[in-house]
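The block underneath contains the structure these notes are about, expressed in structure tokens.
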Amino acid sequence: MNTRKIRVRFAPSPTGLLHVGNARTALYNWLFARRNGGDFILRIEDTDVERSEARYETQLMEDLQWLGLDWDEGPGEPGEKGSKTKDKGPNGPYRQSERQQIYTKLTKKLLKDGLAYRCFCTVEELEADRRTAVARHQPQVYSGRCRKLPLKAIVKNLDAGKPFTVRLKVGEQPLRFHDMVRGDVEFASETVSDPILVRSGYENLPGMPVYNFVVAVDDALMGITHVIRGDDHISNTPKQVAIYQAFGWKVPQFAHLSTILGADRERLSKRHGATSISSFREMGYLPEALINYLALLGWGAEDGRTETFTMPELLKAFTLERVTPSPAIFDFDKLNWLNRHFMKTASSSRLARLAWEYFGFMLPEKDQASDDVLVWFANLVQLFSQSVDHLDQLPAKALFMFGFNATEARAKEENAEILAADSSRLVLGELANRARAHYEPVTPEIFKEWMNAIKEATGIKGKELFHPVRIALTGTHSGPEFDKLIPLMEQGSTLRLGVPSVRSRIERFVGV
RNA sequence: GGCGCUAUCGUCUAGGGGUUAGGACGUGAGAUUCUCAAUCUUAAAACCCGGGUUCGAUUCCCGGUAGCGCUACCA
């Protein structure tokens, strides 16, 4: 029955970093739009002048782009740090701060049509009403005192220069809307009462419109067909519906997404650790892992078992009908699992490119690195990324590749214990003998021969054999397989990165 | 206080009037490996409570409880 093109919007306020909750809202909007051939609109709700900052707006757009969520209409592309950009799309402006005249014009219309009225009640009066309402166990709503103010009284107040707010006249009928996630929702009109549309102001100096007014106006004027947002807006929705009705606008479909909670069941916040998209990026999470995880937080595939999705797969599978209404706790473990999954499927060159920055002084400037270094590093990243949750953990794991402190390795408590054994001394002695007599690069084959020979000569095998050798080479008794490690060390030692060769490691550790 | 939303393993979820209540993360055990990670196998683990409807409710209805949200001239 509704053949209008689907149009959805994501409307963040630039008062801080984009966090995972909002990012999920953006994702669901984007998926819904893309899947149904609709438009995804980005609108900046920057009416809170105190807290809004242009740099957050830029950051916001960069975060969305990083996630792969592009918009059809909105404030252009992110500009130079915090500079405002030109609108893209025919329904702008897309910043609420630039839409004031629109709101003022519509307020006048409402007033003229008798659908809204000036309210001269003071904050103190309102506060008193509220207190009595609570005492009487009644809803705290506006009494409607100024609704029936005779014209004479209004003129008198205006002449006296009294400031006023503008309130909407809400009718008797219950306010209903359909929620695609929760079904039909209904509010009795007396629990909504006459909401303020415009803050205190004067005839010649109108006040600022309030949020509920501007969202409804913007959504309607921008032709939004589906409002997908957080469930903290459910209680606002009847007010917005009343506004739509006053203007005679078609009420959109709503879909209210559940809250994302921390492990303590409180709303997820900075207190729970990293929650902003940019912090996840900085930690070396892959965008596709975050997207996949966010998709799973409050939605499940139809087959009830698929957990990993690429973006095209998500696009195919996602429907609003399968979004769950109950709140979800953010599970860092599962995110980590997904990130490990996507690190395995990512190409080693991409991983290497992303991981480069975490290695700081260990590596040369990226654009000055030779191809040999690039290839070597890609191999290193591929090997070590198997044992990390996210990329920024890589340098700690691979540190021993770049330098080797024999004294420190010996001093470590768990190492000292192993090294103290007679068998270890024997093994390392044998190893040193072989290394001394060997001037060619060590291959995994040669290394294997050494180990076999040592095993024969000493009768030591298994842990007693490998543990001390691993410590001598890497400084710890855990790490990747020697087959992979040995070539990496040998190749690395030719690259002027300060990577010690196998032989030099042994020499440094055992002594010459 | 009022209004609203929500309720299946620890977590994310599937399911739905009769099921061995399924999957995934995490956890335990085992296999593998020199070790860690990975991988494979395997185990433990859930329908908030009380009424009603019904031959039968975890599923439908009502109530309670709990959590969360809104209750602003914030967004």
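Quick caveat: nothing in here was measured; it's all calculated off a predicted structure. Each chain gets a letter, A, B and so on, in the order its sequence line appears, and its residues count up from 1.
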Selected nucleotide, minimal atom distance to [X] side chain, candidates [options]:
{"X": "V185(A)", "options": "U13(B), C5(B), A75(B)", "result": "C5(B)"}
{"X": "P327(A)", "options": "C34(B), U11(B), U6(B)", "result": "U6(B)"}
{"X": "L297(A)", "options": "A75(B), A72(B), C12(B)", "result": "C12(B)"}
{"X": "S478(A)", "options": "U35(B), C70(B), G1(B)", "result": "U35(B)"}
{"X": "Y211(A)", "options": "G1(B), U6(B), A75(B)", "result": "A75(B)"}
{"X": "R267(A)", "options": "C73(B), A75(B), C70(B)", "result": "C70(B)"}
{"X": "R470(A)", "options": "C68(B), U35(B), A37(B)", "result": "U35(B)"}
{"X": "S387(A)", "options": "U35(B), A75(B), A37(B)", "result": "A37(B)"}

Aromatic rings F402(A) and F359(A): how do their planes relate, parallel, tilted or perpendicular, breaks at 30° and 60°?
tilted
Is the ring pair W299(A)/F318(A) parallel, tilted or perpendicular, if the boundaries are 30 and 60 degrees?
tilted
So, under a plain 3.5 Å distance rule, would you say the side chain of [X] forms a donor-acceptor pair with the base of [N]?
{"X": "R182(A)", "N": "C5(B)", "result": "no"}
{"X": "T191(A)", "N": "G2(B)", "result": "no"}
{"X": "S200(A)", "N": "C73(B)", "result": "yes"}

Determine which nucleotide pairs with [N], using a 3.5 Å limit on both distances of a Watson-Crick or G-U wobble pair.
{"N": "G63(B)", "answer": "C49(B)"}
{"N": "G1(B)", "answer": "U71(B)"}
{"N": "A37(B)", "answer": "none"}
{"N": "A43(B)", "answer": "U27(B)"}
{"N": "A14(B)", "answer": "none"}
{"N": "U19(B)", "answer": "none"}

Assign [X] to base, sugar-phosphate, or nothing according to its heavy-atom contacts below 4.0 angstrom with the strands shown.
{"X": "F482(A)", "result": "base"}
{"X": "R322(A)", "result": "sugar-phosphate"}
{"X": "T476(A)", "result": "nothing"}
{"X": "I234(A)", "result": "sugar-phosphate"}
{"X": "S326(A)", "result": "sugar-phosphate"}
{"X": "G298(A)", "result": "sugar-phosphate"}
{"X": "T15(A)", "result": "nothing"}
{"X": "H467(A)", "result": "sugar-phosphate"}
{"X": "G207(A)", "result": "nothing"}
{"X": "E464(A)", "result": "nothing"}

Rounded distance in Å between the [atom1] positions of [N] and [M]:
{"N": "C12(B)", "M": "C48(B)", "atom1": "P", "value": "13 Å"}
{"N": "A38(B)", "M": "A21(B)", "atom1": "P", "value": "31 Å"}
{"N": "A44(B)", "M": "U54(B)", "atom1": "P", "value": "38 Å"}
{"N": "U35(B)", "M": "G16(B)", "atom1": "P", "value": "47 Å"}

Backbone of [Y] reached by a side-chain donor or acceptor of [X] within 3.5 Å:
{"X": "E430(A)", "Y": "V427(A)", "value": "no"}
{"X": "D46(A)", "Y": "Q96(A)", "value": "yes"}
{"X": "S193(A)", "Y": "Y142(A)", "value": "yes"}
{"X": "T345(A)", "Y": "F342(A)", "value": "yes"}
{"X": "T259(A)", "Y": "L261(A)", "value": "no"}
{"X": "R118(A)", "Y": "I154(A)", "value": "no"}
{"X": "E125(A)", "Y": "T122(A)", "value": "yes"}
{"X": "Q140(A)", "Y": "V134(A)", "value": "no"}

Rounding to an integer number of Å, can you tell me how far [X] [atom1] sits from [N] [atom2]?
{"X": "R265(A)", "N": "C48(B)", "atom1": "CZ", "atom2": "P", "result": "13 Å"}
{"X": "H341(A)", "N": "U39(B)", "atom1": "NE2", "atom2": "C1'", "result": "14 Å"}
{"X": "E302(A)", "N": "A14(B)", "atom1": "CD", "atom2": "C1'", "result": "11 Å"}
{"X": "W299(A)", "N": "G15(B)", "atom1": "CH2", "atom2": "P", "result": "12 Å"}
{"X": "E186(A)", "N": "C70(B)", "atom1": "CD", "atom2": "P", "result": "22 Å"}
{"X": "H477(A)", "N": "C36(B)", "atom1": "NE2", "atom2": "P", "result": "9 Å"}
{"X": "D231(A)", "N": "G67(B)", "atom1": "CG", "atom2": "C1'", "result": "12 Å"}
{"X": "Q386(A)", "N": "U39(B)", "atom1": "CD", "atom2": "P", "result": "10 Å"}

Would you say a side-chain N or O of [X] is under 4.0 Å from OP1 or OP2 of [N]?
{"X": "Q140(A)", "N": "A72(B)", "value": "yes"}
{"X": "T324(A)", "N": "U13(B)", "value": "yes"}
{"X": "K344(A)", "N": "U39(B)", "value": "yes"}
{"X": "R229(A)", "N": "A75(B)", "value": "no"}
{"X": "R167(A)", "N": "A72(B)", "value": "no"}

May I have the step-by-step check of salt bridge (Lys or Arg N to Asp or Glu O under 4.0 Å) for E307(A) and R305(A), ending in yes or no?
CA-CA 6 Å; E307(A) 303 274 339; R305(A) 44 183 64 233; over 6 Å; no
From the list R147(A), K239(A), R167(A), salt bridge (Lys or Arg N to Asp or Glu O under 4.0 Å) partner of D194(A) resolves to R147(A)
Can you tabulate the close N/O pairs, meaning under 3.5 Å, that link protein atoms to atoms of nucleotides 24-27 of chain B?
from, atom 1, to, atom 2, distance (Å)
A24(B), O4', E307(A), OE2, 3.3
A24(B), O2', K334(A), NZ, 3.4
A24(B), N3, K334(A), NZ, 3.3
C25(B), O2', K334(A), N, 3.2
G26(B), OP1, R340(A), NH2, 3.0

